[in-house]
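Data first, discussion second: the structure below is written as structure tokens.
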Amino acid sequence: MMRVLLGITGGIAAYKATGIIRGFTEAGHSVKVIPTANALRFIGSTTLEALSHNTVDSDLYTDVESVKHVALGQEADLVVVAPASAAFLARYAAGLADDLLLNALLVTTTPVLVVPAMHTEMWQNAATVANVATLRARGITILDPDSGRLTGTDTGPGRLPEPEAIVAIGLALASQSTQGEFSATSATALAGKHFVVTAGGTQEAIDPVRYIGNHSSGKQGVAIAHAATAAGARVTLIGANLQVSTSGIAQVVSVNTAAELEREVNAILASADVLVMAAAVADYRVENPLQEKIKRSSAGEHLELKLVANPDILANAVERVNSENLGSTIVGFAAETAGSMERLATLATVKLAAKGCQMIVANDVSLGRVFGSDRNTVYLLSANGNSAHAQGSKQEVAIAVVSFIAGQMSAAADILDR
Ligand code: CTP
């Protein structure tokens, strides 16, 4: 059980903090809420106390004898501020400590996740941009707001990410700092790096209404994008027909077919420090998709579709990185029907060699245990022979995958330094 300190600042999204409290408590953690005085204009402390099962503090000058601002900051395992207003970012960046929340933040040495929400103009204002950069440079993880409908009739970046995404990223952030194998160097290996993840399953048209697809939901890839965000990376997700929300991910590109996915991967590859190919790519597409819907009356009892091979996007990316010396770390996925961990390890070794990438994440898809499910078991293998197992929720597996990648990257950087 972790102790989560949740700061809420004054903004219309303050009501969504209820979902964040729920998310952390349902995951078995305790939540202590510190709203600012302005947050309490948007949401009442009765609601916050009932949901968090804890008294709600907002006043620096009550219970002074317990020196609570110091205790709150010291005792927390994770601090989350959501929503964070533009005014809060300015005060935090300036190191002001004029209320209980900012006092606790200046005391704490635990990971801090800040989740801004405000109007687009305020988010893009040069002062806010500078404050966010200052805080990020100090190691504070700050999410980019989601894009979409804002308080008025306007739309744009500024929305608070969904509570589920905030909780997932918060848990990933906290576990990075507590994982034994995750050293201080690997914790910073991904900071500021451009981390690209492909996720979901491609669809190949047969005619205007039908396609060849697969069962991939994109859950594991989205979880990896969240864990990489928690590690301080600049994340782009290229999603093919996702069945899950991409809230909380800085940049999202949507594709449908393998050809579109290949085009987007090619466009981004030169700027990617890491490319994780979690997408389930159709190996074949219909050679000539029909422009009009196929009628049963004209097709009759047999319908033949001629398929042609799609390019192997992963193998091509590896080839380009090598020939153009791009320096990107490429991680492939292997969906195998292995049946046992031993066999999975063997198949992973074969696939790693075949694809030529730096790492492979192999999962066993026999008996439908993976697609659309919330749990996963993977075997991780790197080209230099390191390996690990991870089992648990897709969020837990994602944290292990990102830790493994960060660990391998910091080990590689160590060798280059010598
Ligand atoms: N992949 C890709 N392009 C394809 C097919 C797969 O980039 N046309 C990528 C996937 O994103 C994944 C990896 O290749 O990272 C492994 O995919 P998998 O389906 O396990 O392997 P295949 O190459 O299809 O080989 P096989 O089906 O023969 O096992």
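Just follow the structure's listing: the first ligand is 1, and inside any ligand the first atom is 1. Residue indices begin at 1 and follow the sequence shown.
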Legend entry - Note: K32-E75 ion pair, threshold 4.0 Å (strictly below): no

Legend entry - Salt-bridge criterion met for K351 and D312 (N-O under 4.0 Å): no

Inset, instruction - Report the C-alpha distance between N54 and V33 in whole Å, list the side-chain angles of each, state the deciding distance to 0.1 Å, and finish with yes or no for side chain to side chain contact (heavy atoms under 4.5 Å, CB included). - result: CA-CA 8 Å; N54 244 324; V33 182; over 6 Å; no

Inset, instruction - Would you confirm whether R159, through its side chain, and R149, through its main-chain N or O, come within 3.5 Å as a donor-acceptor pair? - result: yes

Legend entry - Backbone of A258 reached by a side-chain donor or acceptor of E204 within 3.5 Å: yes

Legend entry - Heavy atoms from other residues, nucleotides or ligands near CD of E324 exceed 12 (cutoff 6.0 Å): yes

At less than 3.5 Å, what protein N or O atoms come close to the N or O atoms of ligand 1? Include the distances to 0.1 Å.
from	atom 1	to	atom 2	distance (Å)
ligand 1	3 (N)	I313	N	3.1
ligand 1	7 (O)	I313	N	3.3
ligand 1	7 (O)	L314	N	2.7
ligand 1	8 (N)	D283	OD1	3.3
ligand 1	8 (N)	P311	O	2.9
ligand 1	11 (O)	M277	O	3.2
ligand 1	11 (O)	A279	O	2.7
ligand 1	14 (O)	K355	NZ	3.1
ligand 1	15 (O)	M277	O	2.7
ligand 1	15 (O)	F333	N	2.8
ligand 1	15 (O)	F333	O	3.3
ligand 1	20 (O)	A335	N	3.2
ligand 1	20 (O)	K351	NZ	3.0
ligand 1	21 (O)	K351	NZ	2.8
ligand 1	23 (O)	K355	NZ	2.5
ligand 1	24 (O)	D283	OD2	2.7
ligand 1	25 (O)	K351	NZ	3.3
ligand 1	29 (O)	K351	NZ	2.6

